[in-house]
S.K.: 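Sharing a structure, written as structure tokens. Questions coming.
Here is the naming used below: chain letters follow the sequence lines, and residue numbers restart at 1 for every chain. Quick caveat, the model's predicted, so the values are computed rather than measured.
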Amino acid sequence: MLEKKCRARLRLECQRGAGRALAQPDWYRKIGDLGPDNIAPAQDQCGIGEAPARDCSSGQHTGIGSDRSTAPPAGINRLGRVGYATLCALRSLSHGDSERFAKSWNMPVLRGRQGPRVEALLAWYDVHRRVLPWRAQAGMRADPYHVWLSEIMLQQTTVQAVDRYYRTFLSRWPTVEQLAAASLDDVLAAWAGLGYYARARNLHRTAKIVAGQMAGRFPETAAGLRALPGIGPYTAGAIAAIAFDEPQAAVDANAERVIARLFYVKTPLPAAKAELRARTQALVPQRRAGDFAQAVMDLGALICTPKAPQCPRCPWQEACIGRVRGLVETLPRKAPKPDRPLKRGVAFVVVDAKGAVLLQRRAEKGLLGGMMQPPLGPWGADFPAEYDAMTQAPFAATWIKRPGLVRHQFTHFELEIEVYVAKLTRRPRIQGRWVQAHALAEAALPTVMRKILVHGLGTTTFAPA
DNA sequence: AAAACGGGGCC
DNA sequence: GGCCCAGTTTT
């Protein structure tokens, strides 16, 4: 019934299609006046690993393509290659119809297989892979130390942001033994500005473990890697696959997006993580597992982007159910994030007669753990709009308030800091380190603390690390 | 299961 | 201003 109507519409579109340039979702919806949910569930056509599309009709055919024109409708060209698999995925056509449809316009007729072809992705990767400083040459395995260092830095961090830090670290500590021999403070200072400072502390801990207890060799399995500080399920899989070619999935945000679209996974993140991981793992080839992991990431970074993905260039376009339904850009769905409260506090920039600045070390655990800061009152959401900042001062002095505020956004709250400055002729007895202005660039100062110092000193002579 | 944990780029 | 990013650890 619906199906008959559907075919009729398709034929109609085929006949008049040459003059139209329909966008992908419109075209498909038009075929049968079908909303996305009137098309069969993705699991039916694209189960993990196999499951060819069901023959959706055994009735007589309507002769699609018998009245073909020489070129497919413009709207179809815009989809890239539309083949048998895609048409069957709609399930509004019988095998016979869709195959004739494909042949009539010299489209590829793909028999039997509905799922994504790993070989197609790897072939795409061989041509389009990104050149990144931590990657080995094509066909080579990367150094496990390089892979590990880059993967820790890349946690929740963009490739662009990591690039400079990775080069600095590798240049300064070329081996895991040398990193292990470094002081934690030096590592934190080199990490300053990259964020998530627990990563730097775990990096140092793991370097010491690998250098001290494992003869400088990283575990070669995901299970072994998982036991090291700072290595979770993603990073364990990524290192095992990329450095050792163990058939492990590396499910990062790129993979989650690609797989959610490919299999039309509607469950919002993070609830969908288990399913996405299982679907990804089911695709991992026995050979070239590392290339597969990186290929999925490159696909997510270059083609299957969060916004405006370039589906016609995608090696998996035929199999992608999200694309068939015209809902690629709506995936993956994500649970709403709670809004961030505003917190306030006061900072005190102290300068001695020689221009040195007083810095104190934050607690090892918690926010910005182990990093340096000027004396800083507690910050909280409950600070009244008017309060006496002087009650927060570390010692009595002539505190001059700087005009304006320092604002900073953290993941889970927003911060407004008032800044007071005191220039002293004599250093008070107080815990902390006096750092010359020219040495601030090398200090373990997170970005928000650099903002405070710039605001307080009225100078930017020290650049963020 | 949910919260904590940074920062910068891009639209 | 909102969204996103080669996630992990703690509660």
Side-chain angles (χ1 to χ4, degrees), chain A residues 130 132-135 142 146-166 188 191-203 205-206 225-243 248-258 268-271 273-274 276-277 280 290 292-302 304-308 329 332-341 343 362-371 407-415 444-451 464-465:
Chain A
R130 289 176 291 176
L132 300 171
W134 45 86
R135 277 192 178 165
H146 300 176
V147 177
W148 166 70
L149 179 59
S150 67
E151 290 298 343
I152 300 298
M153 288 183 167
L154 287 161
Q155 289 166 3
Q156 292 290 283
T157 309
T158 54
V159 165
Q160 179 181 344
V162 164
D163 188 276
R164 183 164 52 90
Y165 285 86
Y166 174 81
L188 286 174
W191 197 275
L194 199 52
Y196 286 127
Y197 298 96
R199 292 186 295 172
R201 296 194 298 276
N202 286 331
L203 185 85
R205 285 175 60 199
T206 289
L225 290 158
R226 182 71 181 77
L228 292 168
I231 297 183
Y234 160 75
T235 307
I239 300 174
I242 296 169
Q248 287 284 339
V251 187
D252 66 335
N254 286 307
E256 286 177 346
R257 186 171 59 255
V258 168
L269 289 169
K273 279 180 179 293
L276 293 172
R277 177 168 183 79
T280 309
F292 176 78
Q294 294 175 97
V296 174
M297 295 181 209
D298 281 11
L299 192 65
L302 301 175
C304 196
T305 47
K307 294 173 185 175
E329 286 204 63
R333 298 185 184 178
K334 299 196 174 181
K337 290 167 186 169
D339 45 334
R340 297 181 290 194
K343 299 187 180 185
R362 294 178 62 84
E364 278 299 310
K365 304 186 70 172
L367 188 72
L368 309 175
M371 303 295 284
R407 304 179 62 88
H408 191 75
Q409 306 258 356
F410 289 95
T411 310
H412 48 300
F413 65 93
E414 190 171 344
L415 193 58
L445 287 164
T447 298
V448 61
M449 304 306 168
R450 287 187 187 277
K451 285 188 190 174

S.K.: Considering every strand and a 4.0 Å limit on heavy-atom distances, what is the contact class for A/Pro229: base, sugar-phosphate, or nothing?
M.R.: sugar-phosphate
S.K.: Please confirm whether the ring centroid of A/Phe410 lies under 6.0 Å from the ring centroid of A/His412.
M.R.: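 Centroid separation for A/Phe410 and A/His412: 6.0 Å or greater.
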S.K.: Calculate the interatomic distance between A/Asn202 atom CG and C/dG7 atom P; express it in whole Å.
M.R.: 16 Å
S.K.: Check the phosphate of B/dG8 against A/Thr447, side-chain N and O only, distance under 4.0 Å to OP1 or OP2. Yes or no?
M.R.: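 A/Thr447 to B/dG8 OP1/OP2: side-chain N or O found under 4.0 Å.
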S.K.: What are the two closest non-hydrogen atoms of A/Tyr165 and A/Met153, and how far apart are they?
M.R.: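 In this case the closest contact between A/Tyr165 and A/Met153 is O-CE, 3.6 Å.
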S.K.: Pick the nucleotide of DNA chain C nearest each of A/Arg226 and A/Asp298; which residue has the one closer to the 5' end?
M.R.: A/Asp298
S.K.: Verify side-chain hydrogen bond (donor to acceptor under 3.5 Å, both in side chains) between A/Gln155 and A/Arg199, making sure each step is shown before the conclusion.
M.R.: CA-CA 9 Å; A/Gln155 289 166 3; A/Arg199 292 186 295 172; 4.9 Å; no
S.K.: Which part of the nucleic acid, if any, lies within contact of A/Gln160, taking any heavy atom under 4.0 Å across all strands shown: a base, the sugar-phosphate backbone alone, or nothing?
M.R.: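 Result for A/Gln160 = sugar-phosphate.
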S.K.: Look at all strands and tell whether A/Ala238 reaches a base, only sugar-phosphate, or nothing, counting heavy atoms closer than 4.0 Å.
M.R.: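 The answer is nothing, as A/Ala238 stays clear of every strand by at least 4.0 Å.
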S.K.: Remember a base hit wins even if backbone is also touched, and classify A/Arg130 as base, sugar-phosphate or nothing at under 4.0 Å, heavy atoms.
M.R.: base
S.K.: With a non-hydrogen cut-off below 4.0 angstrom, is A/Pro233 in contact with a base, only sugar-phosphate, or nothing?
M.R.: sugar-phosphate
S.K.: Evaluate the criterion side-chain contact (heavy atoms from CB on, under 4.5 Å) for residue pair A/Ile231 and A/Ile239; output intermediate values, then yes/no.
M.R.: CA-CA 9 Å; A/Ile231 297 183; A/Ile239 300 174; 4.2 Å; yes
S.K.: Can you figure out which of B/dG6, C/dT8, C/dC4 approaches the side chain of A/Lys337 most closely?
M.R.: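 For A/Lys337, the side-chain atoms sit closest to C/dC4.
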S.K.: Send over the distance from A/Leu154 CG to B/dG6 P, rounded to a whole Å.
M.R.: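 Spelled out: CG on A/Leu154 to P on B/dG6 is 17 Å.
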S.K.: Within the pair A/Tyr196 and C/dT9, is there a side-chain N or O less than 4.0 Å away from OP1 or OP2?
M.R.: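 Answer no for this pair, as no side-chain N or O of A/Tyr196 is under 4.0 Å from OP1 or OP2.
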S.K.: May I have the step-by-step check of side-chain contact (heavy atoms from CB on, under 4.5 Å) for A/Asn202 and A/Tyr196, ending in yes or no?
M.R.: CA-CA 11 Å; A/Asn202 286 331; A/Tyr196 286 127; over 6 Å; no
S.K.: Under 4.0 Å from OP1 or OP2 of C/dC4: is there any side-chain N or O of A/Thr158 that close?
M.R.: no
S.K.: Reckon A/Trp191 touches a base, only the sugar-phosphate, or nothing at all at heavy-atom distances under 4.0 Å?
M.R.: nothing
S.K.: Given C/dC4, C/dA6, B/dC5, identify the nucleotide with an atom nearest to the side chain of A/Trp134.
M.R.: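 From the listed options, C/dA6 comes nearest.
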S.K.: Using a distance-only criterion (donor-acceptor N/O pair, under 3.5 Å, no hydrogens), is the base of C/dG7 paired with the side chain of A/Thr235?
M.R.: no
S.K.: For the C1' atoms, the ones on B/dG6 and on C/dC5, what distance do you get once it is rounded to whole angstrom?
M.R.: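 Comparing C1' positions in B/dG6 and C/dC5 gives a spacing of 12 Å.
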S.K.: Any base atoms under 4.0 Å from A/Leu269, or only sugar-phosphate, or nothing? Heavy atoms, all strands.
M.R.: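 No contact.
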S.K.: Under 3.5 Å, is there any donor-acceptor pair linking the side chain of A/Thr157 to the base of B/dG6?
M.R.: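 Counting by modelled atom types and ignoring angles, a donor-acceptor contact under 3.5 Å is found here.
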S.K.: How many whole angstroms separate atom CD of A/Gln409 from atom C1' of B/dG8?
M.R.: 12 Å
S.K.: Counting just side-chain N and O atoms, does A/His408 come under 4.0 Å of either OP1 or OP2 of B/dG7?
M.R.: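 A/His408 to B/dG7 OP1/OP2: side-chain N or O found under 4.0 Å.
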S.K.: Which is it for A/Leu276 and A/Leu269 under the side-chain contact (heavy atoms from CB on, under 4.5 Å) test, yes or no, and what are the steps along the way?
M.R.: CA-CA 10 Å; A/Leu276 293 172; A/Leu269 289 169; 3.7 Å; yes
S.K.: In whole Å, I'd like the distance from the CD atom of A/Gln155 to the P atom of C/dT8.
M.R.: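 Rounded to whole Å, this separation is 5 Å.
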S.K.: For C/dT8 and B/dG9, measure between their P atoms and round to the nearest Å.
M.R.: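 Looking at atom P only, C/dT8 and B/dG9 are 24 Å apart.
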S.K.: Could you check how far CZ of A/Arg201 sits from P of C/dG7, rounded to whole Å?
M.R.: 19 Å
S.K.: Respond yes when some side-chain nitrogen or oxygen of A/Lys334 is under 4.0 Å from OP1 or OP2 of C/dC5, and no when none is.
M.R.: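 Answer yes for this pair, as a side-chain N or O of A/Lys334 is under 4.0 Å from OP1 or OP2.
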S.K.: Round to the nearest Å and state the distance from A/Tyr197 atom OH to C/dG7 atom C1'.
M.R.: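 Checked: the OH to C1' distance equals 17 Å.
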S.K.: Give a yes/no on whether any side-chain N or O of A/Arg257 is located under 4.0 angstrom from OP1 or OP2 of C/dC5.
M.R.: yes
S.K.: With A/Met297, which of A/Leu154, A/Val159, A/Asn254, A/Leu302 fulfils side-chain contact (heavy atoms from CB on, under 4.5 Å)?
M.R.: A/Asn254
S.K.: Among B/dC5, C/dT11, B/dG7, which nucleotide sits nearest the side chain of A/Phe410?
M.R.: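 Of the candidates, B/dG7 comes closest.
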S.K.: Expressed as a whole number of angstroms, how long is the span from A/Ile242:CD1 to C/dA6:C1'?
M.R.: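 The answer, rounded to whole Å, is 8 Å.
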S.K.: On DNA chain B, nearest-nucleotide positions of A/Lys307 versus A/Lys451: which is more 5'?
M.R.: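 Result of the comparison: A/Lys451.
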S.K.: Rounded to whole angstroms, how far apart are CG on A/Leu367 and C1' on B/dA3?
M.R.: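 A/Leu367 atom CG is separated from B/dA3 atom C1' by 13 Å.
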S.K.: Is there a side-chain contact (heavy atoms from CB on, under 4.5 Å) between A/Leu132 and A/Gln294? Walk through the geometry before answering.
M.R.: CA-CA 11 Å; A/Leu132 300 171; A/Gln294 294 175 97; over 6 Å; no
S.K.: Mind checking A/Gly369 for me? I need base, sugar-phosphate or nothing, with any heavy atom below 4.0 Å counting as a touch.
M.R.: nothing
S.K.: Does OP1 or OP2 of B/dA3 have a side-chain N or O of A/His412 closer than 4.0 Å?
M.R.: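 For B/dA3, OP1/OP2 do not have a side-chain N/O of A/His412 under 4.0 Å.
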S.K.: Could you measure between the two P atoms, the one in C/dT9 and the one in B/dG8, and give it in whole Å?
M.R.: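 Approximately 24 Å lies between the P atom of C/dT9 and that of B/dG8.
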S.K.: Which comes earlier along DNA chain C counting from the 5' end, the contact point of A/Arg205 or that of A/Gln156, where each point is its nearest nucleotide?
M.R.: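 Looking at the nearest nucleotide for each, A/Gln156 comes out on the 5' side.
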